Amino acid sequence: FPDWKADIDASYTNLRAEGAFLVSASWKGGALESATLHSERGQTCKLEWPWESTPTITCDGEPVAATCEDLGVVSFDTDPGATYTLAKA
């Protein structure tokens, strides 16, 4: 929600993203409330993470290793059919 007004709540569900990913997220009270990513094909996911710290990423409650690349781009490997939860660290 980089261009969203902080005081307006919003959400989206299953937004199709490049690389066969479905992304859902909600913004509430001026902050990220939740974010999930479902991998349909099991590829490396690269996403822009606008916050300074690398996100905490889990799949089925287990931590997932991620790397922070140039200028806030986060990368992590995914498995086909798995859903990942992202949270601010």
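None of these values were measured; they are calculated from a predicted model. Worth knowing before you read on, the calculation uses all heavy atoms, side chains too, and leaves out hydrogens, waters and symmetry mates.
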### Query
Do Trp51 and Leu32 have side chains that get closer than 4.5 Å, going by heavy atoms?
yes

### Query
Do you reckon Leu15 sits in the same ILVMFWY cluster as Phe21, going by side-chain contacts under 4.5 Å, direct or chained?
yes

### Query
Taking atom OG1 of Thr67 and atom CD of Glu69, what is their separation to the nearest 0.5 Å?
5.0 Å

### Closest heavy-atom pair and its distance - Thr58, Gly61
CB-C, 4.3 Å

### Query
Are the side chains of Arg41 and Pro80 in touch, meaning some heavy atoms are under 4.5 Å apart?
no

### Message
When you compare the side chain of Asp79 with that of Ser39, does any pair of heavy atoms fall below 4.5 Å?
### Response
no

### Query
Leu37 and Leu86: side chain to side chain contact (heavy atoms under 4.5 Å, CB included), yes or no, with the steps?
CA-CA 8 Å; Leu37 182 139; Leu86 295 84; 4.1 Å; yes

### Summary
Taken to the nearest 0.5 Å, the spacing of Trp49 CH2 from Thr54 OG1 works out to 9.5 Å

### All pairs passing salt bridge (charged side-chain N to carboxylate O under 4.0 Å, His left out) where residues 7-16 contributes a residue, at least two apart
Arg16-Glu40

### Query
Same cluster or not: are Val73 and Ile57 linked, directly or through other Ile, Leu, Val, Met, Phe, Trp or Tyr residues, by side-chain heavy atoms under 4.5 angstrom apart?
no

### Task
Decide whether Ser11 and Ser26 meet the rule of one side-chain donor and one side-chain acceptor closer than 3.5 Å.
no

### Task
Could you check if a side-chain atom of Cys45 sits within less than 4.5 angstrom of a side-chain atom of Leu47, using non-hydrogen atoms only?
yes

### Query
Do you know which two heavy atoms are closest between Val64 and Asp77, and how far apart they sit?
CG1-O, 4.3 Å

#### Entry: Modelled atom types, side-chain donor and acceptor of Thr36 and Thr83, under 3.5 Å
no

### Query
Can you pull the ring-ring contact (aromatic ring centres under 6.0 Å, His included) pairs that have at least one residue in residues 68-89, sequence neighbours excluded?
Phe76-Tyr84

